[in-house]
Amino acid sequence: MTNALTVSDLTLTFPDGADRITALHHVNLHVRGGEIAAITGPSGSGKSTLLATVSTLLRPDSGRVELETDSGTVNLAELSRRDAATLRRNSIGIVFQQSNLVPALTTIEQLEAMVHLGQSWFVSPSKRREVRARARDLLHAVGLTGHENKRPAQLSGGQRQRVNIARALMNDPSLLVIDEPTSALDQERGAAIIDLITGIVREHGAATLLVTHDLSHLDQMDSVYRMVDGVLTQQKAVIAA
Ligand code: ADP
Ligand code: MG
């Protein structure tokens with residue numbers, strides 16, 4: 001388990017009329033596999049932009065995003081679009097703030113689609129069985145056994161967020177980015193989601209970035225950063241084991 005993410009001197013600007021907005025200003029960050037770096041900070045400070053850049057959905061103006069896995073180290077900031085799409089499918093788990101489940105699919109199909117969408121039209125029966133078994137295991141891990149055949153409209157907000165998290169783990173990601181997973185949930189359900197995420201990250205060994213506005217979870221995090229106006233400052237460091 002050699003996963004790690006190292007972000008170095010990352011800068012990203014958006015066009016703003018004749019000017020540009022600096023959304024990320026020389027950002028540095030490091031997180032190892034099995035650990036969670038929490039990111040807090042006011043709305044509009046660049047937190048979601050950082051997650052989108054780290055997960056290759058946005059390309060930075062400058063800087064490096066190095067993902068170390070068992071198969072080597074790649075700089076995600078300089079991948080082609082095509083290579084980035086492949087890497088996202090195989091190695092990155094993304095959980096967005098709003099649950100973007102497909103309304104027509106059942107819970108188990110949401111997870112299976114993550115694997116089957118990237119494949120050629122023929123998937124062997126044994127592969128199908130393997131994918132289904134993994135989806136069932138992950139749904140069990142997030143406490144959704146018995147809800148496999150429900151569609152998103154039949155689930156609560158907390159349950160939908162659990163489906164999102166299970167779906168992001170289908171490809172056993174080396175890197176997991178999670179944006180405000182508890183923002184739509186009450187305190188108790190929010191705490192349960194954080195416990196779920198910390199358990200899963202420790203077990204699966206993904207290097208994890210978690211944006212959260214809820215300061216009550218920070219003692220469970222391995223490191224804590226604060227983003228203000230695109231500038232990221234570390235507030236709590238990993239205690240060396
Ligand atoms: P946060 O997640 O911390 O609330 P964001 O990363 O969403 O902040 O936004 C950071 C800044 O970048 C804000 O000023 C926002 O308006 C701006 N921004 C975000 N996305 C875009 C975009 N696609 N185009 C232009 N500006 C953007
Ligand atoms: Mg945001």
Side-chain angles (χ1 to χ4, degrees), residues 5-31 36-65 67 76-81 84-85 88 92-101 157-158 160-165 167-168 173 175-187 189-191 193-194 196-198 201 206-218 220-236:
L5 174 77
T6 307
V7 173
S8 321
D9 206 20
L10 195 68
T11 292
L12 182 144
T13 60
F14 288 116
D16 178 37
D19 222 12
R20 295 190 77 84
I21 293 179
T22 301
L24 301 176
H25 186 74
H26 301 290
V27 166
N28 295 292
L29 173 155
H30 179 72
V31 59
I36 306 178
I39 300 164
T40 67
S43 175
S45 59
K47 305 182 299 297
S48 295
T49 302
L50 176 61
L51 295 196
T53 308
V54 162
S55 57
T56 75
L57 296 168
L58 287 175
R59 189 180 274 267
D61 299 14
S62 59
R64 302 175 66 81
V65 178
L67 179 63
L76 308 188
E78 60 184 23
L79 290 178
S80 68
R81 275 174 181 277
R88 281 199 302 278
I92 305 180
I94 303 175
V95 180
F96 286 122
Q97 208 163 342
Q98 64 290 47
S99 96
N100 48 346
L101 300 175
R160 283 199 287 268
Q161 196 55 278
R162 287 169 190 271
V163 179
N164 264 334
I165 292 165
R167 184 176 61 172
L175 171 64
L176 185 60
V177 302
I178 310 180
D179 203 351
E180 305 210 31
T182 63
S183 60
L185 306 177
D186 62 39
Q187 190 70 37
R189 280 170 215 280
I193 290 287
I194 296 295
L196 172 69
I197 291 169
T198 50
V201 167
T208 302
L209 296 186
L210 174 77
V211 169
T212 181
H213 63 285
D214 189 340
L215 306 183
S216 66
H217 310 311
L218 295 186
Q220 288 168 267
M221 303 297 146
D222 299 289
S223 55
V224 178
Y225 293 81
R226 184 168 169 79
M227 180 82 91
V228 178
D229 290 339
V231 176
L232 192 72
T233 311
Q234 186 160 7
Q235 307 218 295
K236 168 183 152 185

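Excluded from the calculations below are hydrogen atoms, water molecules and symmetry mates; all remaining heavy atoms, backbone and side chain alike, are included. We count ligands from 1, going down the list as the structure has it; atoms in each ligand are counted the same way.
- Remark: R88 pairs with T56, L57, A84, A85, I92, I94 by the side-chain contact (heavy atoms from CB on, under 4.5 Å) rule, at least two apart or across chains.
- Checking D214 against S216 by side-chain atom types alone, a donor-acceptor pair falls below 3.5 Å.
- With hydrogens and angles disregarded, no donor-acceptor distance shorter than 3.5 Å links the side chain of K47 to the backbone of V228.
- Without hydrogens or angle criteria, E180 side chain to T212 main chain gives no donor-acceptor distance under 3.5 Å.
- Side-chain contact between L175 and V31: absent, with no pair of heavy atoms (C-beta onward) separated by less than 4.5 Å.
- Between the R64 side chain and the L10 main chain, no donor and acceptor come within less than 3.5 Å of each other.
- Residues meeting the side-chain contact (heavy atoms from CB on, under 4.5 Å) test with N100, sequence neighbours left out: F96, N164, R167.
- For the Mg ion (ligand 2), the set of protein N/O/S atoms nearer than 2.8 Å consists of S48 OG, ordered by chain and number.
- Within the 3.5 Å criterion, the main-chain N or O of D19 finds no donor-acceptor partner in the side chain of D16.
- Around ligand 1, the residues contributing at least one heavy atom under 4.0 Å from the ligand are F14, A23, P42, S43, G44, S45, G46, K47, S48, T49.
- Put simply, the residue from T11, T53, T13, T22 that forms a side-chain hydrogen bond (donor to acceptor under 3.5 Å, both in side chains) with D61 is T13.
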